[in-house]
Structure formats: C-alpha cells, structure tokens
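Remarks on the structure that follows.
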4 protein chains.
Amino acid sequence: MPARSAPDPARRNERSRRAILAAALELLGETGYADLTVEAIAARAGVGKQTIYRWWAGKGAVILDALAEGAADAPELPDTGDVEADLRAVVRATVAELADPALSATTRALTIETLSDDALAEQVRDRLLRPHLDTVVVRLRAGQDAGQIRADVDPAQAVELLFGPLYHRWLLRTGPLTEGYADGVTDLALAALRP
Amino acid sequence: MPARSAPDPARRNERSRRAILAAALELLGETGYADLTVEAIAARAGVGKQTIYRWWAGKGAVILDALAEGAADAPELPDTGDVEADLRAVVRATVAELADPALSATTRALTIETLSDDALAEQVRDRLLRPHLDTVVVRLRAGQDAGQIRADVDPAQAVELLFGPLYHRWLLRTGPLTEGYADGVTDLALAALRP
Amino acid sequence: MPARSAPDPARRNERSRRAILAAALELLGETGYADLTVEAIAARAGVGKQTIYRWWAGKGAVILDALAEGAADAPELPDTGDVEADLRAVVRATVAELADPALSATTRALTIETLSDDALAEQVRDRLLRPHLDTVVVRLRAGQDAGQIRADVDPAQAVELLFGPLYHRWLLRTGPLTEGYADGVTDLALAALRP
Amino acid sequence: MPARSAPDPARRNERSRRAILAAALELLGETGYADLTVEAIAARAGVGKQTIYRWWAGKGAVILDALAEGAADAPELPDTGDVEADLRAVVRATVAELADPALSATTRALTIETLSDDALAEQVRDRLLRPHLDTVVVRLRAGQDAGQIRADVDPAQAVELLFGPLYHRWLLRTGPLTEGYADGVTDLALAALRP
DNA sequence: AAATAAGCGAGACGGTACGTCACGTCTTACA
DNA sequence: TGTAAGACGTGACGTACCGTCTCGCTTATTT
C-alpha cells in the first residue's frame with residue numbers, strides 16, 4: 001500500500017522546487033545547519049510548508065538535494081602525465097576547502113546528516129562523494145597503467161589513504177590544515193604507492 | 001562578578017551527577033544521539049531539569065562527560081617489540097569497533113558533537129580522542145627508536161595515515177569494515193612507514 | 001461584469017451534484033457538523049474540490065442544500081377538526097424528533113449554520129423552517145375560524161409559544177424530552193390560546 | 001491511569017490565567033467566535049499556547065470559562081410584589097439583550113459550543129444558564145405563594161414558556177425582537193399562568 | 001464532422017491554525 | 001542553598017484543511 005498516495009512528480013512546480021533549494025542553501029550559509037528550520041526555508045522560498053514535506057522527508061533531504069544540484073558540475077581531475085603532481089594538486093585543493101569554514105560548511109552539514117540517518121547517508125555517498133572520489137580513482141588507474149603507481153594496490157584503497165588523513169584531521173581538529181600539511185600527506189602516501 | 005552566581009561544586013549532589021550520566025548513556029544507546037533530549041535524561045535520572053542545566057551547557061556537554069567518564073580507563077597499547085604486529089592489532093580492534101553499531105554509537109555521537117560545536121569539539125578531542133591516539137604515538141616512537149619505523153616521519157602524521165582511512169570508510173560507508181580490510185590498510189601504511 | 005465568468009448551470013453535472021449532497025448527508029451523520037470538511041465531502045463523492053466550490057460557497061451551503069433536498073416533501077399537518085388534538089400530535093412529534101439524536105442532527109446542523117452566517121441563516125429559515133412552521137400556522141388559523149382558538153392571538157406568536165419551550169429545553173438540556181413533557185407544554189399553551 | 005500526568009492547579013499562574021480569559025473575551029468581541037483561534041488568544045495574552053492547552057481542552061472551554069467568570073455576579077431578579085410586572089421586566093431585558101448583536105455574541109458563541117460538544121453543554125447549562133433561570137423560578141414560586149400564579153404549574157416549565165419563544169425567534173430570526181414583542185409574549189404566557 | 005469551450009476528477013499550491021514537543025528559565029517546597 | 005518537580009514563554013514540528021490554481025480528459029454545443 002502506498003504510504004499516503006504518493007504525489008505525482010509530473011505535476012510538480014519547478015519554480016517552487018528551485019526556490020526551496022535556493023533558500024535552503026542561502027539559510028545554510030547564514031545560520032548553519034543546526035539552526036536551519038523547515039519553517040524558515042518555506043518562508044524564504046515563499047512556499048507552503050506542506051510543499052516541502054510533500055517532496056522531501058525533512059531538512060536533511062532538502063539540503064542534500066540542494067547540494068547535489070550544485071555538485072552536478074563534475075570537477076574533472078586533470079591528467080598532466082605526472083601522477084604525483086596531479087595527486088598533490090587535488091590533495092592541496094581538498095585541504096584548502098576543508099580549511100575554509102565557508103566552503104566546508106557543506107561537508108560539515110552532510111556529515112552530520114550522514115551520521116544521523118542511514119538512508120540519507122547512502123544518498124550522500126552515491127550522489128555527492130562517489131562522483132568526486134571516482135575522478136581520483138580514474139587518475140590512479142591511469143598512473144598504474146603508466147607504471148607510476150604500484151599495480152597491486154586497490155585504487156579505492158589508495159584514495160582512502162590520501163583523503164582519510166585529511167578528513168581525520170578536519171574532523172578531530174588534531175592539527176592545522178595547511179598546504180605544507182597537504183604535501184606531507186601526499187609524500188607519505190606516495191611512499192606507499194610508488195612501485 | 002559571576003554571570004549568575006556560579007553554583008558551588010562542593011555542594012553538588014554526587015548521586016544526581018552519576019544518575020544523569022548513567023541515564024544519558026542508556027538513552028544514547030536506546031534512541032540515538034539525534035533523538036536524545038535533556039527532558040528524557042532528567043526523567044530517566046529522576047532529576048530536575050535545572051540540575052542538568054546548572055552543571056552542564058546542554059545535552060552535548062552531558063554525553064561528553066558521560067563518555068569521558070567511561071573512557072577514563074586508558075586502553076594501554078601493548079608493546080610486544082614487533083611494531084608491525086602491534087599496529088596490526090590496534091587497527092583491527094579499531095575496525096572491529098567501528099563495524100559494531102553498538103560500539104560505534106559513541107564515536108558517532110562524538111563526531112556529531114565535534115561538527116556542531118567548536119567549544120565542545122576541543123573537549124572531545126582533548127579528553128577522549130587524544131588519550132587514545134597518544135598511546136599509538138608512544139608506540140610509534142618506540143618503533144622509531146628500535147629502527148623499525150622511518151625516523152623522519154612525524155608520529156602524529158603516521159597515526160593519521162593509519163586511522164584516517166578507517167574513519168573515512170566508516171563515515172562515508174564506501175566499503176565493508178572487515179579484518180581483511182584492516183590488514184590491507186595496515187600493510188599499505190607500513191609500506192610508507194618502513195625505513 | 002461577472003466576477004469570474006459565472007458557471008453555466010445548464011452544463012452542470014447532475015450526477016456530481018447528487019453525489020455531493022448524498023456524501024454531505026452521510027458525513028454529517030458520521031462525523032457531526034463541526035468535523036465535516038469540504039475535502040471529505042469531495043473525496044466521498046468522488047468529485048474534485050473545485051466542483052464543490054464552483055457551485056456552493058462552502059460546507060454550510062452544501063449541507064443546507066442537502067437538507068433542503070430531503071425536506072422537499074412537506075409533512076402536511078392533518079386537520080381532524082379538533083385543534084387541540086392536532087396540536088398535541090405535532091408537539092409530540094417534534095419532541096420525539098428532538099429527543100432522537102439521529103433525527104435531531106439535522107436541526108443541530110441548521111442551528112449552528114443559523115448562528116454562524118447571517119446570509120445562510122435566511123436561507124435556512126425560509127427554505128427549511130418556514131414551510132414546516134407554516135403548516136402549523138395554517139392549522140391555527142383554521143382553529144380560530146372554528147372558534148377553538150382566541151381570535152386576538154397572532155398565529156405566528158402562538159406557534160412560538162408551542163415550539164419555543166421545546167427548542168429551549170433541547171438546546172439547554174434543562175430536562176427530559178418525553179411525551180409527558182410534550183403534553184404538559186401543549187396543555188399550558190392551550191390554556192393561553194383557548195378563548 | 002492519568003491521561004498525561006495532570007498539571008498541579010496549585011502551581012498555576014494566576015496572572016496568565018486572567019490574561020488568557022481577558023484576551024479570549026476581547027477577541028470574541030473583535031472577530032466573532034468562528035474566527036477565534038487559540039493561537040490568537042495566546043498571542044494577545046502574551047502566553048505560550050501550551051499554557052492554554054495545559055489547562056483547557058480548546059477554545060470552547062476557554063471562552064466558557066471566560067464568560068462564566070463574568071457571569072459570577074448574579075443579576076438578582078427584583079421582587080416588587082407584582083409578579084406580572086416583574087416578569088414583564090425580565091422578559092423585556094432578555095429581549096433587549098438578544099436584540100443587541102454585541103451582547104448576544106456571548107449567547108451565540110455558547111450556543112454553537114453547546115451544539116457541538118455535549119460535555120461543554122452541561123457546563124454551559126449548569127454554570128451559566130441555570131443560575132440565571134433559577135432566579136426566575138424563585139420569583140415564580142413567590143408568585144404562586146401569593147396566589148398570583150396557578151399553583152398547579154411547574155415553575156421550571158413556566159420559565160420555558162416565557163423564554164422559549166424568545167430564543168426561538170432569536171435563533172430562527174422569524175421576527176423582530178422589540179419591546180412590543182416582549183410584552184406580547186409576556187401577556188400570552190400570563191394568560192396561561194394566571195389562576 | 002470538426003472545432004471549441006466548458007465542466008469535470010484530480011491534486012499541487014500558498015496559507016493558517018492545529019495540537020505536541022522540547023527548549024532553557026523560573027518558581028515552589030523540601031531537605 | 002542544592003534539589004525534584006514542573007509550570008512557564010518560546011518556537012519549530014509535522015498534519016489537516018482552507019480556497020485557488022492548473023492539468024488532461026470528457027462532454028456538449030457551435031460552427
């Protein structure tokens with residue numbers, strides 16, 4: 001039986017949908033995730049609360065959609081031929097993003113959501129993180145083909161070796177997130193990944 | 001002048017304090033962090049809400065204290081002389097804990113706290129995580145002295161290389177948390193850490 | 001200019017009209033007037049909400065129409081020649097109707113309507129109550145002609161003398177609505193109406 | 001089992017109680033009963049909605065209390081020795097009140113409530129109407145003792161004979177509520193009540 | 001017979017109020 | 001004075017209906 005006669009997506013108002021996602025992102029930036037309310041999103045978007053609850057499960061689902069919308073433009077990791085330089089660049093970029101409170105607000109919000117709701121966690125992983133991490137996996141495979149990376153290493157595991165320490169430090173605030181730190185992590189990881 | 005005539009810790013009711021921390025841990029296990037309420041803790045503990053607000057800033061501070069209380073007994077990393085075996089053991093243990101929903105509830109709650117409140121984040125880091133991670137740092141230093149670990153590596157960074165991937169996979173649910181996985185991470189990290 | 005290009009009654013769907021009135025009566029019996037909603041009427045009738053709002057002003061207008069439909073068959077007060085017996089009969093019948101919760105639901109709904117909306121009140125009075133009361137007025141006039149009722153009494157006022165006490169007791173629940181009570185009221189009123 | 005651990009009346013805030021009842025009466029006069037909302041009462045009274053729901057079942061119960069508070073001062077029917085004059089006076093006063101939209105708003109609201117909620121109906125009857133009607137009963141009994149009223153008439157029934165027609169005309173709007181009408185009703189009723 | 005237009009079912013929409021929950025503060029009575 | 005109890009003002013929750021609106025679809029003229 002359908003929970004409550006599911007609404008018909010064909011009749012959905014695109015204008016409202018966009019207004020809601022835009023409002024959610026604005027408010028996320030202004031008040032932070034914890035103080036974000038569905039009521040405020042509805043008011044800012046000029047929309048009835050029911051229109052939000054009709055299409056989303058709660059504020060978590062809304063901001064997930066809002067962020068996924070923005071992440072649609074894949075960042076495309078460059079391939080200069082020098083895998084070490086390419087990895088160093090992406091690690092530096094990631095560290096820079098985590099170090100900037102404004103930019104990492106997104107990641108912060110999603111992580112909280114991820115920890116509180118298993119269903120959303122899958123969505124976050126598949127729609128937001130996977131696409132990003134997969135570009136690195138692709139680059140690592142190319143490096144393996146070029147003989148610059150050990151062939152016996154699982155690229156997915158190698159990605160975690162590169163990014164894991166970054167998120168660990170960011171989450172636990174165990175140290176500064178500087179460019180020098182980024183290079184240190186890259187060097188250490190490469191020591192393990194080089195043939 | 002004190003903001004609101006700070007309460008006198010000497011007159012604090014130890015019985016209530018313990019009941020509150022115990023109730024907080026029970027409810028954390030039963031309902032999860034997001035659905036935990038101060039009201040429920042007070043009711044379960046048979047305590048007035050004011051008694052909680054008198055001594056703690058909110059639910060985050062309470063569960064932090066509750067978990068810190070339990071973590072007082074330091075886990076003490078063993079030193080068998082074989083640093084690789086010792087690291088493998090601690091990585092396996094950590095993976096096992098993260099894989100168990102009941103045990104990782106603690107880590108989940110702390111991580112949310114860490115992401116939501118900077119002031120509490122410091123407390124979490126210093127009172128709960130540092131003691132745990134420091135035991136590994138100590139073991140790595142001993143390994144360096146014994147020539148089993150590269151001397152030019154910062155032990156703190158090495159710890160992140162070991163645990164970062166674990167938390168990354170746990171947070172992002174990018175793969176299974178098995179013993180085989182634990183050993184894979186250990187092997188890869190050791191490839192970077194060996195002289 | 002018509003406010004919104006008034007709908008054309010000639011093209012009205014009789015099937016829908018009937019379904020709406022029937023559904024309204026059913027729901028009035030099931031849930032009572034206060035809990036009656038336009039949404040429920042539409043759903044029960046298998047009709048779009050707009051079809052209701054196109055033809056009626058609101059739930060009050062709908063149930064008014066629904067009840068008026070049913071009341072079309074005038075009850076026709078008999079004239080046995082004995083005005084006292086005839087009045088006694090109609091008072092007894094009215095008391096019996098008010099005493100029966102199912103039958104008096106109609107009166108209850110109409111009374112609420114009467115109290116809440118002046119425009120509808122007129123409709124209620126003229127379309128539903130007047131026809132009923134007028135039959136008694138007619139009978140009283142005949143009684144006056146026959147010399148059984150004081151000629152100097154306004155029949156309309158006499159009707160109120162007979163039915164007013166009934167509604168008063170029904171509204172205010174100041175006592176039981178029994179046949180004995182009905183006869184008591186009739187006796188007392190006749191004491192005033194007899195020449 | 002108590003529905004929800006009933007609140008302790010001893011700790012009730014008298015200031016809030018009064019503010020709520022006052023606000024309810026104000027708004028009843030301003031917007032009418034149908035458009036009255038609990039939310040507006042709370043806002044006007046400077047009170048949390050929960051404080052209303054803690055002590056009352058809904059808006060009906062609130063305005064009942066508010067009106068009952070005001071009706072505490074019994075009107076005391078005078079006894080001039082001439083029962084006909086006294087009754088004429090009270091009937092005139094009642095007609096005047098019903099004829100004034102502002103004054104009869106109270107009665108209108110209560111009547112709607114009475115028709116929708118049996119539990120409140122009893123309260124309305126016992127706390128508001130009985131005290132008023134009983135003063136007339138008392139006067140009628142004195143009239144019976146003085147031989148001005150038939151001794152075989154139930155005073156309660158006589159009261160209904162006097163007031164029933166008034167409420168009937170007011171409810172059904174079957175005619176004007178003038179002083180002349182009041183006297184007509186009194187005359188007719190007295191024709192039945194005189195020995 | 002085809003074109004036009006209205007009523008129709010369905011139900012999404014912007015709103016308002018509902019009645020509940022938990023927040024963090026305040027008040028009371030007791031120990 | 002610390003405490004258990006819990007009432008308080010506040011404000012968000014998620015739901016129910018309101019009355020309006022916009023979709024295709026069906027009917028029933030009107031060309």
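All figures in this text were calculated on a predicted structure; none of them were measured in a lab. Numbered from 1 within each chain, the chains take letters A, B, ... in sequence-line order.
C:R44 pairs by the side-chain hydrogen bond (donor to acceptor under 3.5 Å, both in side chains) definition with C:E26, C:E30, not counting sequence neighbours.
Residues of residues 17-26 of chain D that place a heavy atom closer than 4.0 Å to DNA chain E do not occur. A heavy atom closer than 4.0 Å to some atom of DNA chain E occurs in B:T37, B:V38, B:E39, B:K49, B:Q50, these being the qualifying members of residues 35-51 of chain B. Scanning residues 53-63 of chain B for heavy-atom distances under 4.0 Å to DNA chain F yields B:R54, B:W55.
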Chi angles and distances behind the side-chain contact (heavy atoms from CB on, under 4.5 Å) call for C:W55, C:Q50: CA-CA 9 Å; C:W55 302 109; C:Q50 195 57 241; over 6 Å; no
Working for side-chain contact (heavy atoms from CB on, under 4.5 Å), residues C:L171 and D:L171: CA-CA 11 Å; C:L171 262 187; D:L171 267 184; 3.5 Å; yes
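When all heavy atoms are compared, the tightest approach of C:L21 to C:W56 is CD2-CZ2, 3.8 Å. The two atoms that bring D:I20 and D:I41 nearest to each other are O-CG2, 3.8 Å, heavy atoms only. Shortest non-hydrogen contact noted between D:G48 and D:A42 is C-CB, 4.3 Å. Across all their heavy atoms, B:R108 and B:P101 have their closest contact at NH1-O, 4.5 Å. Across every non-hydrogen atom of C:L36 and C:K59, the tightest pair is O-NZ, 3.3 Å.
Here F:dG9 presents its P atom at 6 Å from CG of D:N13, a figure rounded to the nearest Å. Following rounding to the nearest Å, D:E14 (CD) and E:dT27 (C1') show an atom-to-atom distance of 16 Å. Atom CD1 of B:I52 is separated from atom P of F:dG2 by 17 Å (rounded to the nearest Å). Taking atom CZ of D:R15 as the reference point, atom P of E:dT27 lies 12 Å away to the nearest angstrom.
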Per-nucleotide protein contact string for nucleotides 23-31 of chain F (B base, S sugar-phosphate only, - none; heavy atom under 4.0 Å): ----BS---
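Atom CG of residue A:L115 and atom OG1 of residue A:T111 lie 7.0 Å apart, to the nearest 0.5 angstrom.
A salt bridge links C:R127 with C:D65: at least one charged nitrogen is closer than 4.0 Å to a carboxylate oxygen. Using a 4.0 Å cut-off between a side-chain N of Lys or Arg and a carboxylate O of Asp or Glu, C:R125 and C:E122 do not qualify as a salt bridge.
Dashed line: the shortest gap from a side-chain N or O of A:S16 to OP1 or OP2 of E:dA12 is not under 4.0 Å.
Using modelled atom types, no side-chain atom of A:S104 and backbone atom of A:T107 make a donor-acceptor pair closer than 3.5 Å.
Within the structure, salt bridge (Lys or Arg N to Asp or Glu O under 4.0 Å) pairs that include any residue of residues 32-42 of chain C comprise C:E39-C:K49 (at least two apart or interchain).
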